[in-house]
Every structure is written in structure tokens, then in C-alpha cells.
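Some notes on the structure that comes next.
Given the structure is predicted, the values throughout are model-derived calculations rather than measurements. Chain letters run A, B, ... following the sequence lines, proteins first, then strands; residues in each count from 1.
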Amino acid sequence: MNLFTDFGSRIKNVLESLDIVRENRSELDFSRISVESPRDASHGDVATNAAMVLAKPLGTNPRALADQIVAKLKEDPEVAAVSVAGPGFINVKLSIAYWQKLLKVIVAEGTEYGKSAIGTGRKVNVEYVSANPTGPMHVGHCRGAVVGDTLANLLEFAGYDVIKEYYINDAGSQIDTLARSAFLRYREALGEKIGEIPAGLYPGDYLVPVGHSLADEFGTSLRIMPEDKWMPLVKERTIAAMMVMIREDLAALNVHHDVFFSERTLHADGAARIRNAINDLTFKGHVYKGALPPPKGQLPEDWEDREQTLFRSTEVGDDIDRPLIKSDGSYTYFAADVAYFKDKFDRGFNEMIYVLGADHGGYVKRLEAVARAVSGGASKLTVLLCQLVKLYRDGEPVKMSKRSGDFVTLRDVVEEVGRDSVRFMMIYRKSSEPLDFDFAKVTEQSKDNPVFYVQYAHARCMSVFRQAGEAFPDIDFATVDLAGAIEGNISDSNELQLVAKLAEYPRVIEAAALSHEPHRIAFYLYDLASAFHAHWNKGKDAHELRFVNDKNGELTIARLGLVRAVASVLKSGLSITGTAAPDEMR
RNA sequence: GGUCCCAUAGCUCAGCAGGAUAGAGCGCAGGAUUCCUAAUCCUGAGGCCGAUGGUUCGAAUCCAUCUGGGAUCACCA
């Protein structure tokens with residue numbers, strides 16, 4: 001049940017019943033009508049701009065039209081009061097009975113409350129993380145992983161059919177480098193002294209166990225093979241080992257993908273699928289042979305004019321045409337991307353979302369160009385760029401260098417800070433905004449740490465249930481009909497304010513899903529937690545507002561219905577963010 | 001030089017498909033616990049929403065230009 005869509009349709013019904021609207025119905029655009037909660041609660045519970053939006057096309061003035069709408073709205077038994085304010089806002093005050101009905105629904109729906117149907121029938125592919133399988137995940141991957149995972153959860157909650165996907169970049173030259181690095185560790189495992197790892201190879205210790213398992217499997221046989229013989233064998237094992245490690249890293253963050261898509265499968269059988277994709281583009285007239293103009297501004301030292309096979313992406317919105325086949329005849333990374341997109345398109349997704357780091361900003365236009373050319377506009381591609389995360393320790397920036405192997409791994413961060421804190425902090429900011437992540441602040445279990453604030457609110461809800469159980473040993477609050485007691489008992493304005501906050505949840509879900517902004521969930525949860533803590537504290541002064549009233553079991557049951565509603569929305573939202581809703585925090 | 005992101009309180013940031021008197025946390029000043037967990041709450045001070053134009057009943061929000069900060073540019077993956 002969604003308060004705003006409910007009243008949206010009531011208001012539309014009222015409009016349709018007005019003569020002036022019926023006579024001009026075809027010229028009116030109802031989509032610009034908004035139904036929302038007024039910024040200032042004293043204005044009422046629901047406000048609409050309908051009169052202002054429609055007055056002009058109807059050739060009347062907003063106040064006059066508003067008066068007509070108000071007269072009709074007053075007939076609604078669930079409307080307590082209606083007024084016109086300012087330039088023509090219509091403010092509606094809901095009856096207490098309406099709030100009680102809404103609260104009953106929320107209690108009954110539990111963690112199902114807030115689910116939406118806006119995504120019904122839409123298949124969405126969310127691709128995120130997609131780190132190269134050349135080592136453990138480092139902290140830089142964190143944000144994209146959490147944002148992507150949360151967005152996918154959110155879309156699923158909003159009714160979309162969602163696939164979480166990971167694109168394994170296991171085909172490029174960095175994989176050859178990885179295999180050579182592993183081969184060195186293999187020789188080391190056989191007892192050879194390898195000394196310092198040569199520049200250009202991956203120095204990390206995480207390849208040591210791979211060397212050992214290669215030695216266990218192959219003995220000394222690889223050592224006497226030429227590189228082109230051992231390379232595929234070593235590559236295969238090493239990638240597999242890296243992916244095991246990466247999956248463990250992701251699991252530590254509570255991130256789980258449905259599909260791991262290997263780039264190598266595109267290159268298999270003489271790159272059949274890449275050729276197929278290029279043929280498809282060629283057939284549609286997007287491919288030609290030619291040379292690119294040199295880049296504007298500073299000319300690279302080694303610039304050479306070469307003929308390549310190019311994608312005419314400028315015709316579909318890109319700034320420059322993009323190479324598909326290099327001058328030596330091999331395929332570019334981008335060519336594989338085209339084939340990968342085509343694969344997704346053929347799998348029937350209506351929308352593909354790519355969650356990428358800000359350093360891929362330059363890649364966005366060409367991906368969009370691919371989507372237009374391959375799908376002919378039938379499929380939507382959205383790129384969500386996450387700005388960089390700056391790490392701090394006690395206010396000092398943490399320096400990292402991937403080359404020297406001196407970087408903070410994702411696992412380190414999760415172990416030091418905790419999964420929930422990492423996840424929540426990573427979305428507690430718009431993703432288009434850079435993010436400062438300070439270990440000291442995030443570890444602190446109090447101020448500056450919104451996740452504890454929200455989780456504490458949930459734990460406090462559970463605590464109220466425990467307290468109520470002690471006050472009323474005869475009542476089983478886990479099974480009693482909480483919703484049934486609400487009517488007639490929940491009517492205090494402080495309580496109704498809390499219900500109003502709960503009423504926003506479905507709207508927040510829809511807005512966040514449509515705009516691909518998972519951070520809104522985190523901010524909403526913080527707000528809700530704040531409203532709950534505030535109400536809880538009022539019980540200190542005003543004992544009659546306490547949830548547990550040991551002289552009135554029925555009232556207590558009703559108020560526990562409110563607490564249950566708050567708890568289940570908190571739990572629902574926290575589960576979208578992938579964090580726990582603890583029953584107690586001691 | 002091109003492209004993308006950003007600019008809101010002293011600091012870090014929200015601002016809900018353009019709406020009414022622009023919000024929160026931190027910090028600062030004060031206060032609340034015999035009482036459901038003080039990991040909490042309440043009160044106060046603090047603003048030319050980077051600048052200039054435009055769109056309209058109405059702009060922090062949309063468009064253009066400018067200024068300032070960040071990212072990126074290549075047959076690399």
C-alpha cells in the first residue's frame with residue numbers, strides 16, 4: 001500500500017469528475033501532477049500541485065480550480081480536512097482512521113511492505129565489480145561492489161527481474177603476465193631460488209600457494225616445456241585460483257553474483273563470438289576500415305597513422321570512432337565488449353546497468369554507442385559512475401601503489417571495520433560524489449557512524465518487545481494480533497508522525513530505483529531511525545507515551561504494532577543495503 | 001585541448017521528477033538518565049544554494065556561458 005499513489009488516484013478521480021476537466025480532457029497532461037508530503041508538516045499530510053499544473057491549459061486560475069477540487073475531496077470520508085494554500089497548493093489532512101488502516105497494512109505486510117511493481121516485466125542486468133582476476137580485490141573495488149549490489153537488491157525489491165553479473169577480464173595480456181608470475185612461484189615451490197620478483201610481474205604473496213598447487217599437480221613436468229605449452233595450463237589454474245579468492249573477498253562483503261561471465265569464452269573457437277558481433281555491426285553499416293585522426297591537443301610521442309577496422313561510433317553519439325581490430329589483426333578489448341553487450345542483448349535484457357569507477361568515465365560514450373548500434377535503441381544501457389574513495393587513517397591520507405603490491409585489500413578493510421560499516425558507508429553518499437573513508441571514524445561505534453545509529457534503532461525495537469514480554473508474561477507478543485489492536489489505540493500525533501514516516505518508504509523505494517540512487521535508502525533509514533529514537537525519548541518525560549504501559553495490555557499490543565512496523569521497515573531497508581538488523585547490540 | 005563528475009552552514013553532506021519559511025550530522029553554546037539500552041534525545045547560534053543570463057505561475061533543482069576543484073584521453077586491459 002502506497003499512500004501517495006493511493007491519493008494520486010483519488011485526486012485524479014476527483015479531477016475526472018469535474019465538468020471543466022471532462023470537457024478538455026484530451027488537452028490535459030496529468031503526468032505533471034505530483035502528490036507528496038509537504039515539507040512543513042503543519043500544512044497537512046499530503047499536498048498536490050494539481051490545480052497549479054492544470055489551471056493554465058484550462059484557462060482558469062489555480063485558486064478557482066483548487067476550490068472545485070477541494071469541494072469534492074471533502075466528500076472523501078478518509079479526508080479530515082482540505083485547504084488551499086500559497087499559489088494553489090491543495091493540502092490534505094488525513095483522518096486518524098486512515099493512518100490506522102495504513103499502519104495495520106504495514107504490520108500485516110511486514111518486510112514485504114514497500115515492494116513495488118514498477119519493475120514488473122522488466123529484465124535488468126546489473127554488472128558490477130568486474131575486477132581483473134590478477135590478485136585479491138583491493139579497497140578501490142569496494143564502492144562499486146557495494147553500490148552495484150545494493151542497486152541490484154533495490155531493483156529487485158522494486159519488482160524488476162534482476163541478474164547480478166560479473167565480467168571476468170581473463171583474456172588480455174595482463175593474464176599472460178599473471179601466468180608468468182605464477183610460473184615463477186611454481187619454480188620457487190620446486191626449490192629454485194627466484195630472488196626478487198622482476199619488474200612487470202605481479203609480486204604479491206597470494207601467488208605462492210598457486211605455485212605450490214602447480215608443483216603438486218604437475219611435478220617438474222612444466223619446467224621442461226616451452227612457454228607456449230605451459231602457458232595455457234598455468235593460465236587456466238591461476239585464473240581459477242584467483243576467482244576463488246575474489247569470490248571469497250566478495251562473500252566477505254556479502255556480495256553474491258548470479259552470473260560470472262568469462263571474457264575468454266568470447267575469444268574461444270577463433271574468437272567466433274567476437275567475429276559474429278563485428279559481422280553484425282558490419283551488416284548494420286557501422287564498420288569501416290580507416291585511420292583515426294590524431295588526438296587533439298598534445299600529440300603522443302609514438303603516434304603513428306595506421307589503418308584499422310573501426311566502429312563508426314560517431315554516428316551513434318560517440319566523440320571519436322573506435323578500433324575493433326588492431327593493425328596486427330588481433331581484436332581490441334573493446335571488440336570483446338561489443339560481443340559481450342550483444343550477448344546480454346540476446347539474453348533478452350531490457351536494461352543493462354554498468355557500475356564503473358570514475359576512471360572509466362571516458363568509456364561511457366562508446367558503451368552507449370554500442371548499445372544503440374547493436375540493439376537499435378531497443379535496449380537501454382545505463383552507466384553508473386562511482387567517484388573515487390579516498391582512504392584516511394586518523395585524518396592522514398593512506399598512500400597506495402598497486403605496482404609495489406603495497407595496497408590495502410578489500411579483506412583488510414572488512415576485517416578492520418566490519419562488513420556492515422563498510423557497506424553502509426559506501427552508499428551513505430551519492431555515487432557521483434567522491435567519498436572520504438576514515439578508518440578511525442568508521443570503526444568508532446557511535447557518532448559519525450550512521451550504520452550503528454540505524455541498527456541500534458532496530459535493536460531498540462526488539463528490546464521493547466523483550467520488555468513488554470516481562471511486563472505481560474501472559475501475552476505472547478510474537479504471535480498476538482498486533483494489527484488488530486491498532487484501531488482506537490494509535491492516535492497520538494507523535495505516533496502518527498512515525499506512521500507518516502513509514503508511509504514514505506514505498507515512495508523512497510520507487511524514486512531510488514528509478515533514479516538508480518541506492519544512497520537514498522540509507523538516508524531514509526537514518527531518518528526513520530531518528531524519528532523512532534526521538535519518539536522513544538519522549539517517553540522519558542511523558543510516561544503516557546511509552547510503548548509498554550503495564551496497566552493497559554491492549555494499548556501495549558497496539559503500540560507494539562507500531563514498533564513492529566518500524567522494525568520491519570528498518571530490517572527491510574537494511575537488507576537492501578546488505579547489512580544486518582541485529583536484535584541486540586551490547 | 002576534448003569529455004565526464006562536482007560546487008549548498010566553519011567541516012562532511014542530504015534536498016524526494018521544479019513547489020510554500022533550504023535540512024541533517026560533526027564542531028560550538030546550553031540542557032535531559034530513580035523510568036522500554038545515554039551507541040539516545042531536546043534547545044540555540046550558524047546560509048547571497050560558486051557567478052551571470054535564460055525557460056515559467058514558481059529554480060538549489062532544468063538549459064547556456066563563465067569561474068574553481070576532481071577524473072579521464074592512446075591499437076592498455
His458(A) NE2 to U40(B) P, in whole Å, measures 17 Å
Rounded to whole Å, the CG-P distance (Leu384(A) to C5(B)) equals 12 Å
- With a non-hydrogen cut-off below 4.0 angstrom, is Val464(A) in contact with a base, only sugar-phosphate, or nothing? sugar-phosphate
Test of ring centre spacing under 6.0 Å for Tyr288(A) and Phe311(A) = no
Review point. Could Asp176(A) and Lys235(A) be called an ion pair, given the rule that one side-chain N must be under 4.0 Å from one carboxylate O?
Key: yes
Per atom distances to the Asp359(A) side chain, the nearest of A77(B), C4(B), U72(B) is U72(B)
- Query: Is any side-chain N or O of Arg460(A) closer than 4.0 Å to OP1 or OP2 of A38(B)?
  - Reply: yes
Next on the checklist: Please confirm whether the shortest side-chain N or O distance from Ser463(A) to OP1 or OP2 of C36(B) is below 4.0 Å.
Outcome noted: no
Taken to the nearest whole Å, NZ/Lys540(A) to P/A38(B) is 5 Å
In whole angstrom, give me the gap between the C1' atoms of A20(B) and G25(B). 26 Å
Judged by nearest nucleotide, the residue sitting upstream toward the 5' end of RNA chain B, Ala468(A) or Lys365(A), is Lys365(A)
Of the listed A77(B), C5(B), A38(B), the closest approach to the His360(A) side chain comes from A77(B)
Taking for His535(A) and for Asp527(A) the nucleotide of RNA chain B with the nearest heavy atom, the one nearer the 5' end belongs to Asp527(A)
In whole angstroms, the gap separating P of A39(B) from OH of Tyr526(A) amounts to 15 Å
Taking a pair to mean Watson-Crick or G-U wobble geometry with both distances below 3.5 Å, U12(B) pairs with A24(B)
To the nearest angstrom, the CE-P distance between Met425(A) and G25(B) comes to 15 Å
Scanning all shown strands, the Watson-Crick or wobble mate of G1(B) with both distances under 3.5 Å is C73(B)
- request: Using only side-chain N and O atoms of Lys326(A), determine if any of them is under 4.0 Å from OP1 or OP2 of A77(B).
  value: yes
Out of A71(B), C41(B), C4(B), minimum distance to the side chain of Leu388(A) belongs to A71(B)
> Do other residues, nucleotides or ligands put more than 12 heavy atoms under 6.0 Å from the NZ atom of Lys326(A)?
Replying inline: yes
Of C42(B), G25(B), U3(B), the nucleotide closest to the side chain of Asp319(A) is U3(B)
- prompt: Distance check: side-chain N/O of Arg322(A) vs OP1/OP2 of A74(B), anything under 4.0 Å?
  reply: yes
Rounded to whole Å, the CG-C1' distance (Leu545(A) to C42(B)) equals 15 Å
To the nearest angstrom, the CG-C1' distance between Leu385(A) and U3(B) comes to 12 Å
Ranking U3(B), U56(B), U40(B) by distance to the side chain of Tyr453(A), first place goes to U40(B)
Quick note, Ala358(A) side chain, CB onward, closest among A71(B), C36(B), A77(B) is A71(B)
With B for base contact, S for sugar-phosphate-only contact and - for none (protein heavy atoms under 4.0 Å), nucleotides 12-22 of chain B reads SSSSSB-BB-S
**Asked** Does Lys56(A) have a side-chain nitrogen or oxygen under 4.0 Å from the phosphate oxygens OP1 or OP2 of C57(B)?
**Response** yes
Per atom distances to the Gln387(A) side chain, the nearest of C41(B), C5(B), A77(B) is C5(B)
Measure from the ring center of Tyr167(A) to the ring center of Tyr354(A) and say whether it is less than 6.0 Å. no
field: Ring centres under 6.0 angstrom apart (Tyr453(A), His533(A))
entry: yes
Any strand, both distances under 3.5 Å, Watson-Crick or G-U wobble: C49(B) pairs with none
Picking from A39(B), C6(B), U40(B), the nucleotide nearest the side-chain atoms of Ser432(A) would be C6(B)
Phe547(A) atom CZ is separated from U40(B) atom C1', nearest whole Å, by 13 Å
chi for A7(B) classified (syn = within 90 degrees of 0, anti otherwise) as anti
